[in-house]
Amino acid sequence: MHRTRKAAPAARTARLASCALLATAAALVGCERGSSSDSAEETATGPNGCPAVHTRAQEAVTRAQRNDIPWAGPTSGPEAVTGRTIVYVAQTMTNPGVAGAANGVRDAARAIGWNVRVIDGGGTPAGIQSAMSEAVALRPSGIVIGGFDPDSTAQQTARANAQGIPLVGWHAVPEPGPSRQPDLFTNVTTRVQDVALISAQWVISDSDGRAGVVLITDASIPFARNKSDLIRKDLASCQGVRLLSVENIPIPDASSRTPQEISSLLSRFQDRWTHSVAINDLYFADAAPAFRAAGEKGSGPPFNIGAGDGDPSAFQRVNSRQYQAATVPEPLSLQGWQIVDEFNRAFSGRPHSGYVAPVHIATADNSEGATTWDPSGYREAYRKIWGK
């Protein structure tokens, strides 16, 4: 058993109490509107939090913090085909999740004996379309849609389909598994509903059902927008949680915009801001200088959780308690190996594996100095399947 998050210091307790008092007042006089987007139904508050919801959240968070997760993925499948080349088209390699999955693909390709080329879309529509055009022109064995909406490259995707080039997505569409419109052999991702729910439950559990929350998203990415919409819904299940603001910051603009937005939010909400949820850990890397300049302690509040990715820098912030309290990490290396295995199944005329990785929460109390998270045993399992 791993320890749950330690009790907060007195300053945090006082701050949460202040939030609860303000929440009670808000319930009587109305709700303050967030700086980017918010609505009345999301700001219902109450002095007693949400006991039943809080209990369920605590139980879910405890389960998600376990590290001893056995391999529950495929243990059988086609042996490795030979002489294949995969092109990984990245939304932007500055997105740690996209880059982490790409590194996993490279690692798995070495194990199976394939070649990989990564083409960076640079995070812009024109750049992604150009990268996808280049990938199709190379006529590879398969193409990875790495973290962008395939509909944004509909012409290139149609050409790949017409040429019989299998497409495997990573966070390309909202759900794991195959897709017909757009036509993907499969999409590799955790279930966004699970990630959104456990992120919201962590806030509810950590705050004892009384929190003032800022939510950060990138509305230009359908997957990210869907995730943040689900987080909003799950936070609203606790009447003691108040959504202060939803900040729409495109990932390519995060480094330039996040510090300014954080400074503005600190000035606006002050002690009412107790927790943050971001759809990607990278926002907290960019937020740290603004928190530090405002004199905020690295250990919080506000207590920040990244609802996705879990790159090494996120683990470093979590482990050192520097402006990030938790992350819901994608098993990025595992997902890279899964992508290669899914292509091998496609090349062999077999169906997709159907595997979806479980959600996990990493905090300073259970990550034990780790820099990534992956269920154990996947490399051995895939090598055995491939005969490698």
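Computation of the quantities below employed the complete heavy-atom set of this structure, encompassing side-chain atoms and omitting hydrogens, waters and symmetry-equivalent molecules. Just so it is clear, the structure is predicted and the values come from calculations on it, not from any experiment.
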Which pair of non-hydrogen atoms, one from [X] and one from [Y], has the smallest distance, and what is that distance?
X: Phe148; Y: Ala90; value: CD2-C, 4.5 Å
X: Pro140; Y: Ile143; value: CG-CG1, 3.6 Å
X: Ser276; Y: Asn304; value: OG-OD1, 2.7 Å
X: Gln58; Y: Ser205; value: CG-OG, 3.4 Å
X: Ile145; Y: Pro150; value: CG2-CG, 4.0 Å
X: Ala362; Y: Val318; value: O-CG1, 3.9 Å

Salt-bridge criterion met for [X] and [Y] (N-O under 4.0 Å):
X: Lys227; Y: Asp218; answer: no
X: Glu261; Y: Arg268; answer: no
X: Asp107; Y: Arg379; answer: yes

[X] side chain to [Y] main-chain N or O, any donor-acceptor pair under 3.5 Å?
X: Asp286; Y: Ser256; value: no
X: Thr217; Y: Ser228; value: no
X: Thr258; Y: Ala254; value: yes
X: Thr157; Y: Thr153; value: yes
X: Arg257; Y: Asn248; value: yes
X: Glu342; Y: Ser353; value: yes

Side chains of [X] and [Y]: do they bring a donor and an acceptor to under 3.5 Å?
X: Glu247; Y: Ser245; result: yes
X: Gln324; Y: Asp281; result: yes
X: His275; Y: Asp206; result: yes
X: Glu175; Y: Gln193; result: yes
X: Ser152; Y: Gln129; result: no
X: Asn366; Y: Thr363; result: yes

Inset, instruction - Answer yes if the ring centres of Phe291 and Trp273 are under 6.0 angstrom apart, and no otherwise. - result: yes
Inset, instruction - Taking the six-membered ring for Trp and the single ring otherwise, decide whether the centroids of Tyr382 and Trp71 are under 6.0 Å apart. - result: yes
Inset, instruction - Can you tell me which residue pairs pass the salt bridge (Lys or Arg N to Asp or Glu O under 4.0 Å) test with a partner in residues 77-103, sequence neighbours excluded? - result: none
Legend entry - With His171, the side chain to side chain donor-acceptor pair (under 3.5 Å) member among Asp309, Thr189, Asn95, Asn187: Thr189
Legend entry - Steps toward side chain to side chain donor-acceptor pair (under 3.5 Å) verdict (Ser133, Gln156): CA-CA 6 Å; Ser133 293; Gln156 294 88 345; 3.0 Å; yes
Side-chain heavy-atom pair [X], [Y] within 4.5 angstrom cut-off:
X: Ile385; Y: Asp341; answer: yes
X: Val213; Y: Val277; answer: yes
X: Ile216; Y: Ile249; answer: yes
X: Arg210; Y: Cys238; answer: no
X: His360; Y: Ile198; answer: no
X: Leu266; Y: Gln270; answer: no
X: Ser207; Y: Phe303; answer: no
X: Tyr355; Y: Pro176; answer: no

For [X], look at atom [atom1] and say whether over 12 heavy atoms of other residues, nucleotides or ligands are found less than 6.0 Å away.
X: Arg139; atom1: CZ; answer: no
X: Gln181; atom1: CD; answer: no
X: Arg191; atom1: CZ; answer: no

Inset, instruction - Take Leu215 and Ile231 through the side-chain contact (heavy atoms from CB on, under 4.5 Å) test and state the conclusion after the steps. - result: CA-CA 8 Å; Leu215 176 59; Ile231 292 170; 3.9 Å; yes
Same hydrophobic cluster for [X] and [Y], using side-chain heavy-atom links shorter than 4.5 Å among ILVMFWY?
X: Val89; Y: Val173; value: yes
X: Leu138; Y: Leu167; value: yes
X: Val61; Y: Ile305; value: yes
X: Val116; Y: Val188; value: yes
X: Trp202; Y: Val241; value: yes

Inset, instruction - Please test Leu243 against Arg232 for side-chain contact (heavy atoms from CB on, under 4.5 Å), starting from the C-alpha separation and ending with a verdict. - result: CA-CA 8 Å; Leu243 185 63; Arg232 294 171 73 167; 3.9 Å; yes
Just verifying a value: how many Å separate [X] [atom1] and [Y] [atom2], rounded to the nearest 0.5 Å?
X: Asp253; Y: Ser255; atom1: CG; atom2: OG; answer: 7.5 Å
X: Asp120; Y: Ile128; atom1: CG; atom2: CD1; answer: 9.0 Å
X: Leu230; Y: Leu235; atom1: CG; atom2: CG; answer: 11.0 Å
X: Ser333; Y: Arg106; atom1: OG; atom2: CZ; answer: 12.5 Å
X: Ser367; Y: Asn67; atom1: OG; atom2: CG; answer: 8.0 Å
X: Ile279; Y: Arg225; atom1: CD1; atom2: CZ; answer: 11.5 Å

Inset, instruction - Check ring pair (Phe, Tyr, Trp, His ring centres under 6.0 Å) between Phe185 and all other residues, then give those that pass, not counting sequence neighbours. - result: none
Legend entry - Lys233 and Asp229: CA distance, side-chain angles, deciding distance, side-chain contact (heavy atoms from CB on, under 4.5 Å) verdict: CA-CA 6 Å; Lys233 178 181 177 182; Asp229 287 345; over 6 Å; no
Legend entry - With Trp114, the ring-ring contact (aromatic ring centres under 6.0 Å, His included) member among Tyr88, Phe347, Phe343: Phe347
Inset, instruction - In sequence, state the C-alpha distance, the side-chain angles, and the governing distance for Val340 and Trp386, and then conclude on side-chain contact (heavy atoms from CB on, under 4.5 Å). - result: CA-CA 10 Å; Val340 169; Trp386 301 336; 3.9 Å; yes
